[in-house]
Amino acid sequence: MTSSPGSLPPIRVVSPATGELLAEVPDEGEAGVARAVEAARAAAPAWEALGLAGRAEALKRWRDAILDDAEVIRTLVAESGKLRPEAEGIEILYLCELIRFTIGAARKALREETRNPFLFVTKKTRLVRRPLGVVGVIGPWNFPILNNAADAVGPLLVGNTVVLKPSEVTPLTSLRLAELWRRAANPADVFQVVTGRGAAGAALVERVDGVMFTGSVATGRKVAARAGERLVPCVTELGGKSPFVVLASANLERAAEAAAWSSFVHSGQACIRTERIYVVEAVANRFEELLSGRVRALRQGPSDPLSGEGHDLGAATFPRQLETVERHLADALGKGARVAAGGKRRTELGGNFFEPTLLLGATQEMAVMREETFGPLVAVMRVRDAEEALRLGNDSHLGLNATVFGAPAEARAFARQLESGQVIVNDVLVNYLVVEAPLGGWKQSGLGVRHGIEGVRQWTRTQAITVRRPLLAPIERLIAKFLAFPYDARVLSVLRRAMRLLYRRGLSAKLRRPPGDRRP
Ligand code: NDP
């Protein structure tokens, strides 16, 4: 990797597991973003003209190159601190599945259709879908593929070119993916990665024709505000505070197993992870016992994140995230919660390691139950019944994802009352891989969706082209009199009667003379 030739200091990418410097990359800043967007704009017409089949072929070549590349896994594991099973089993799997689905979804999203008007029967309207132009993707550090390059797939397939600005914390995987894009014989300017800090992200929002942003609520608000001022479409996928509800009818073994995984996958740094757990009093003792046992059994360590053998948790990607964990832990302990597992940093391991930590006896006013923790800490609160679980589950400014465990009919009914863009019943997290369904947050968890046909078509703009049906030209001359100069009182009178016939309910009322009509 090269260091920055420009005025901005280079970005140092450090291994979360060992603290070792992995690489320095340039902060390309506003100038780099401007160059990339200009090149992407120039490349856009040819990319659109290639057609969906040609674009799909390019995406498949890219996917094959990624699947054949050992370096991409190494890079992903090294810069994120996640274990290999999470790198391959979540991120690479997701990208492959997303490309598979989106090729079909793009076909539907781009399909032209004809709309036949009721009123202007002489016309027909053709809906044509065109790409927006250049889409800017801005991603967070926790999933260097899933919420970064993967978000380029939909925009690219419907004919946009893409400039991606990954997080400064984990830019190396994105750079590798851009290299694989080029090696797959794909046009370099169609998918570009620009490395930089927040200001580079802001510069991207200034220039592109559409924005896909994943990150914190605070930054998402700024990005959406600026996109709003520029009047360009913007999708924001922001934070989560996902509740996990255990009803009295739940299978407790399965619920405990799912709660452990969904709380501590990638050390708790996932937007849809379990952030807070509510268990109904009647089954709380047994559930807490099962969950405590599972969390205490988790194996954490850096020894060989690439092999993935022997460990369940890697390092936390972003050192500052552990400060949030410690703040939430101290706040909860000060308010009466108790530690059932974990509870401290593991400095002896050398990197950003914090024990998977389970708190019991939480109450709703604790920060751990209200603010996004986004790290290896989760708390359990006991509730009287399902009604209280619902009230507290919905008591959040965020609404990204939720989980409920219980007898199927009861859990399904409960799910419908949760204020959350996604709910999964008797399972966890795998709903992110259901790419057929739109996924987006309610409340302050964001606006717009990824996935589903909805998440693909939004990267197009619709052009409605209205033409005359040739055979109906004579009728059209009659209709045209209503909406043309010179205005004529007799024509207006005919129009009034016609409106009554078309829209007024009741036959006798239809036939009655319109009010104010004095003509015979
Ligand atoms: P941030 O909001 O800090 O950063 C996200 C991206 O925005 C980074 O690339 C960052 O660059 C860039 N950025 C920073 N400032 C600006 C700006 N003014 N204009 C444009 N871009 C800017 O989020 P994190 O990286 O800390 O990610 C964690 C958050 O992401 C959590 O809240 C998590 O819940 C959320 N998330 C949401 C998901 C969802 O699907 N809803 C999925 C995954 C995560 P840089 O890093 O270089 O500062």
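Just so you know, ligand 1 is whichever comes first in the structure, and atom 1 is the first atom listed for that ligand.
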Discussion item. Does any part of the side chain of F414, heavy atoms only, come nearer than 4.5 Å to the side chain of L390, both counted from C-beta?
Written reply: yes
Practice prompt. Return the option from E168, K222, K165 holding the heavy atom at the smallest distance from atom 11 (O) of ligand 1.
Written response: K165
Worksheet entry | R197: numbered ligand 1 atoms lying under 4.0 Å from its heavy atoms | 47 (O)
Fill in: Check: D312/Q300 side-chain N/O donor and acceptor closer than 3.5 Å
no
Fill in: Verdict with reasoning, R183 to E179, per salt bridge (charged side-chain N to carboxylate O under 4.0 Å, His left out)
CA-CA 6 Å; R183 281 201 201 169; E179 193 179 328; 2.7 Å; yes
Discussion item. Quick test: of every protein heavy atom, which one is nearest to atom 17 (C) of ligand 1, and how far off is it to 0.1 Å?
Written reply: G198 O, 3.6 Å
Item to complete: Run the salt-bridge test on E97 and R100 with the 4.0 Å N-O cut-off and return the result as yes or no.
Response: yes
Discussion item. Given G441, G239, A203, C271, identify the one with the heavy atom nearest to atom 39 (C) of ligand 1.
Written reply: C271
Fill in: Protein contact to atom 16 (C) of ligand 1 [nearest heavy atom, distance to 0.1 Å]
T219 CG2, 3.3 Å
Worksheet item: Under a 4.0 Å heavy-atom limit, does L439 contact ligand 1 with its side chain, its backbone, both, or neither?
Response: neither
Worksheet item: Does the ring center of Y432 lie less than 6.0 Å from the ring center of Y94?
Response: yes
Item to complete: May I ask you to list the atoms of ligand 1 that are less than 4.0 angstrom from any heavy atom of E237?
Response: 37 (C), 38 (C), 39 (C), 40 (O), 41 (N)
Worksheet item: Is there a donor-acceptor contact under 3.5 Å linking the side chains of T219 and S216?
Response: yes
Discussion item. I'd like to know whether K443 forms a salt bridge (charged side-chain N to carboxylate O under 4.0 Å, His left out) with E419, so could you lay out the CA-CA distance, the side-chain angles of the two residues, the decisive distance to 0.1 Å, and finally the verdict.
Written reply: CA-CA 8 Å; K443 304 184 189 175; E419 293 166 4; 2.8 Å; yes
Worksheet entry | Polar contact flag, side-chain donor to acceptor under 3.5 angstrom, T214-R450 | yes
Worksheet item: Quick one: nearest non-hydrogen protein atom to atom 21 (N) of ligand 1, plus distance?
Response: G201 CA, 3.6 Å
Item to complete: Could you see which bit of N142 sits under 4.0 Å from ligand 1, with heavy atoms only: side chain, backbone, both or neither?
Response: side chain
Worksheet item: Just by distance, with hydrogens left out, do E436 and H451 show a side-chain donor and acceptor under 3.5 Å apart?
Response: no
Discussion item. Among all the protein's non-hydrogen atoms, which is closest to atom 12 (C) of ligand 1, and how far away is it?
Written reply: I138 CG2, 3.7 Å
Item to complete: Look at ligand 1 and say whether W141 reaches it with a heavy atom at a distance under 4.0 Å.
Response: yes
Worksheet item: Nearest to atom 33 (C) of ligand 1 by heavy atom, F318, Y432, F374: which?
Response: F374
Worksheet item: Hey, are the side chains of E275 and V368 touching, using non-hydrogen atoms and a 4.5 Å cut-off?
Response: no
Discussion item. Is the distance from the ring center of F244 to that of W261 below 6.0 Å?
Written reply: no
Worksheet entry | Distance from atom 18 (N) of ligand 1 to nearest protein heavy atom, with residue and atom | A202 CB, 4.0 Å
Discussion item. Geometry only, no angles: is G215 polar-contacting ligand 1 at N/O separations under 3.5 Å?
Written reply: yes
Discussion item. Minimum distance, heavy atoms only, to atom 37 (C) of ligand 1: which one of L238, L398, V169 is it?
Written reply: L238
Worksheet, complete the sentence: Check: of G196, S216, P171, S445, min heavy-atom distance to atom 2 (O) of ligand 1 comes from S216
Practice prompt. Please check if any side-chain donor atom of S263 sits under 3.5 Å from a side-chain acceptor atom of T274, or the reverse.
Written response: no
Practice prompt. With heavy atoms under 4.0 Å as the rule, classify the contact between P166 and ligand 1 as side chain, backbone, both or neither.
Written response: backbone
Worksheet, complete the sentence: Residue, atom and distance of the protein heavy atom nearest atom 31 (C) of ligand 1 read E372 OE1, 3.5 Å
Discussion item. At under 4.0 Å between heavy atoms, is it the side chain or the backbone of L400 that contacts ligand 1, or both, or neither?
Written reply: side chain
Worksheet item: Which residue and non-hydrogen atom of the protein lie closest to atom 8 (C) of ligand 1, and at what distance in Å?
Response: G139 O, 3.2 Å
Item to complete: May I ask you to check whether T357 and E355 show a side-chain donor-acceptor distance below 3.5 Å?
Response: no
Fill in: Per-atom contacts of ligand 1 with V223, taking only distances under 4.0 Å to non-hydrogen atoms
19 (N), 20 (C)
Discussion item. Between R176 and T75, do the side chains contain a donor N or O and an acceptor N or O under 3.5 Å apart?
Written reply: no
Worksheet item: Relative to ligand 1, is T214 under 4.0 angstrom through side chain, backbone, both or neither, heavy atoms considered?
Response: both
Worksheet entry | Any donor-acceptor N or O pair under 3.5 Å, side chains T195, E168 | no
Discussion item. Residue-level breakdown please: for F213 versus ligand 1, do any non-hydrogen atoms fall below 4.0 Å on the side chain, on the backbone, on both, or on neither?
Written reply: side chain
Worksheet item: Does any N or O atom in P140 lie less than 3.5 angstrom from one in ligand 1, N or O only?
Response: no
Worksheet item: Does some non-hydrogen atom of the protein lie less than 4.0 angstrom from atom 48 (O) of ligand 1?
Response: yes
Practice prompt. Please lay out, stage by stage, how D331 and K335 fare under the test salt bridge (charged side-chain N to carboxylate O under 4.0 Å, His left out).
Written response: CA-CA 6 Å; D331 172 80; K335 290 175 178 157; 2.8 Å; yes
Worksheet item: Are E91 and P144 close enough that some pair of their side-chain heavy atoms sits under 4.5 Å apart?
Response: yes
Worksheet item: Polar-atom distance check: N147 versus ligand 1, any N or O pair below 3.5 Å?
Response: no
Item to complete: Please report which non-hydrogen protein atom sits nearest to atom 46 (O) of ligand 1, along with the residue it belongs to and the distance in Å to one decimal place.
Response: S167 OG, 3.0 Å
Worksheet item: Is it true that G446 lies under 4.0 Å from ligand 1, counting heavy atoms only?
Response: no
Fill in: R450 to ligand 1, any heavy atom closer than 4.0 Å
yes
